[in-house]
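So the structure is just underneath, and the comments pick up after that.
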Amino acid sequence: MPELPEVETIRRQLEARLVGRRIDSGWAFESPKFTDARLVAPAAINYVNRRGKYLVVSLDGDRELVIHLGMTGQLRVHPHDESLRDPHVRACWQLDNGGVLEFRDIRRFGRIALVPCGVYQRLPTLATIGPEPFDPTFDGDSFWTALRSSRRRIKTQLLSQQPIAGVGNIYADEALWIARVHPGARRITRSRATELLAALREVLAAGISNGGTTLRDYVDSDGRRGDNQNHLHCYGQAGLPCPRCGTVLIRRSIDARSSTFCPNCQRNR
DNA sequence: GTTGCGTCCTGGACGC
DNA sequence: TGCGTCCAGGACGCAA
């Protein structure tokens with residue numbers, strides 16, 4: 001499930017391969033989620049950016065190709081066209097050097113949109129997305145203020161992308177464990193919010209340096225699995241002892257999303 | 001306007 | 001072995 005570290009890993013690889021290239025043609029699976037892929041060509045690729053979990057490919061003509069990988073999305077660049085042999089390929093773009101950029105997505109939770117630069121009304125989450133975690137102007141006070149503006153549970157707020165961009169279930173559980181915050185808490189102190197922001201930065205940075213987390217489907221644009229799954233403390237560890245205090249980690253459904261946490265370290269005060 | 005739940009979607013795990 | 005059921009989860013729509 002691609003979150004910020006996985007999308008950033010893919011972005012860095014795609015940037016090296018796509019910037020300066022031209023898209024000559026596009027193909028898309030029959031679904032409203034993917035049909036924009038056909039409308040892209042012809043186009044020159046200027047930049048490959050990222051906003052939260054969204055890849056934003058800047059094209060000539062003041063257009064942007066926005067790609068969200070959903071749960072199982074993969075973006076690969078092949079030297080030749082191999083895409084149509086795979087039934088899970090939802091879109092592909094023929095490049096001017098003979099290569100093919102392919103979007104593969106088993107569960108079809110991903111989406112593709114072609115929009116004018118910076119116009120994201122069709123993507124409500126992107127339109128209202130919060131600050132980038134590594135933005136140097138984003139500090140603990142700003143984070144605390146954003147969290148205080150809602151009465152929703154902390155975990156639900158993190159997954160909404162509004163107080164901070166790019167956090168999904170894995171890195172939310174990890175950061176909440178490090179900062180000792182109960183995922184179901186509705187209030188958080190200023191100092192705890194600062195600690196949670198530091199924890200989010202820590203786990204996201206580790207995820208990037210480890211090449212992302214591969215639980216099942218995630219691979220980078222070279223087809224390589226990440227390594228961060230071998231460095232998790234909390235997510236997916238229910239039934240095992242907490243690495244900090246030894247209490248058995250538990251899994252609970254919070255707002256219809258599974259959360260793993262330590263009932264001793266992360267008390268809901 | 002805010003909150004919380006249901007839906008989409010498929011493959012793997014599990015039980016019978 | 002084969003079948004049915006459940007589960008995972010990001011984004012979004014909708015009802016309260």
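Just so it is clear: chains get the letters A, B, ... in the order the sequence lines come, proteins before strands, and each one is counted from 1.
- In this entry the distance linking CG of A/Leu158 with C1' of C/dG9 reads 16 Å, nearest Å.
- The base of C/dA11 is not paired with the side chain of A/Arg111 by any donor and acceptor separated by under 3.5 Å.
- Note: CZ (A/Arg252) to P (C/dC7) measures 15 Å, nearest angstrom.
- In DNA chain C, runs of at least 3 stacked Watson-Crick or G-U pairs (N1-N3 plus N6-O4 or O6-N4, or N1-O2 plus O6-N3, all under 3.5 Å) give these stems: B:2-16 with C:2-16.
- Using a 4.0 Å heavy-atom criterion, one finds that A/Thr156 contacts no nucleic acid atom at all.
- The shortest heavy-atom contact between A/Gly110 and A/Phe34 is O-CE2, 3.6 Å.
- In this structure, A/Ile170 places its CD1 atom 8 Å from P of C/dG9, rounding to the nearest Å.
- In this structure, A/His68 reaches the C/dA11 phosphate: one of its side-chain N or O atoms is under 4.0 Å from OP1 or OP2.
- Residue-level contact check: A/Tyr235 touches the backbone only, with heavy atoms under 4.0 Å from sugar-phosphate atoms and none from bases.
- The two residues A/Leu55 and A/Arg11 have their closest heavy-atom pair at CD2-CB, 3.5 Å.
- Note on A/Ser258: a side-chain N or O is less than 4.0 Å away from OP1 or OP2 of C/dG9.
- Within 4.0 Å of A/Arg108, counting heavy atoms only, lie sugar-phosphate atoms of the nucleic acid but no base atom.
- The side chain to side chain contact (heavy atoms under 4.5 Å, CB included) check on A/Thr145 picks up nothing, with sequence neighbours excluded.
- In terms of heavy atoms, A/Glu30 sits closest to A/Arg38 at OE2-NH2, 3.0 Å.
- Atoms CG (A/Leu4) and P (C/dA11) sit 12 Å apart, rounded to a whole Å.
- Nucleotide C/dC12 holds its P atom 10 Å from the CD atom of A/Gln161, rounded to whole Å.
- Within the 4.0 angstrom heavy-atom criterion, no nucleotide atom of any strand lies near A/Thr72.
- Applying the side-chain hydrogen bond (donor to acceptor under 3.5 Å, both in side chains) rule to A/Arg257 yields no partners; only residues at least two apart in sequence or on another chain are considered.
- In terms of position on DNA chain C, the residue among A/Leu126 and A/Met71 whose nearest nucleotide sits closer to the 5' end is A/Met71.
- A salt bridge (charged side-chain N to carboxylate O under 4.0 Å, His left out) check over residues 230-252 of chain A, counting only residues at least two apart or in different chains, returns nothing.
- Residues satisfying the side-chain hydrogen bond (donor to acceptor under 3.5 Å, both in side chains) test with A/Arg21, not counting sequence neighbours, are A/Asp96.
- Taking A/Asp62 as the reference, nothing meets the side-chain hydrogen bond (donor to acceptor under 3.5 Å, both in side chains) condition, with sequence neighbours excluded.
- Cation-pi geometry between A/Arg90 and A/Phe29 is met: under 6.0 angstrom from the ring centre, within 45 degrees of the axis.
- Every residue two or more places apart in sequence or in another chain was checked for a ring-ring contact (aromatic ring centres under 6.0 Å, His included) with A/Trp93, and none qualifies.
- Residues in residues 194-209 of chain A take part in these salt bridge (charged side-chain N to carboxylate O under 4.0 Å, His left out) pairs, two or more places apart or across chains: A/Arg192-A/Glu195.
- With DNA chain B read from its 5' end, the first of the two nearest nucleotides for A/Phe29 and A/Ile254 is the one closest to A/Ile254.
- The aromatic ring of A/Phe109 does not sit over the base of C/dA11; the criterion of centres under 5.5 Å apart with planes under 30° is not met.
- For A/Ser31 and A/Ser150, each mapped to the nucleotide of DNA chain B holding its nearest heavy atom, the one lying further toward the 5' end belongs to A/Ser150.
- Under the side-chain hydrogen bond (donor to acceptor under 3.5 Å, both in side chains) criterion, A/Asn97 pairs with no residue, sequence neighbours left out.
- One interatomic measurement links the two molecules: CD of A/Glu3 to C1' of C/dG10, which rounds to 10 Å at whole-angstrom precision.
- Atom pair A/Ile106:CD1 and C/dA8:P shows a separation of 18 Å (rounding to whole Å applied).
- Residues from residues 115-125 of chain A lying near DNA chain C, meaning a heavy-atom separation below 4.0 Å, are A/Leu123, A/Pro124, A/Thr125 in numerical order.
- The hydrophobic cluster around A/Tyr54 extends to A/Val56, A/Val66, A/Val115, A/Tyr120, A/Leu123, A/Leu126, A/Ile129, counting ILVMFWY residues whose side-chain heavy atoms fall within less than 4.5 Å of a member.
- In 5' to 3' order, the nucleotides of DNA chain B bounding all contacts with chain A (an atom under 4.0 Å from a heavy atom) are B/dT3 to B/dG12.
- Across the protein-nucleic acid pair, A/Asp173 atom CG and C/dG10 atom C1' stand 15 Å apart, rounded to whole Å.
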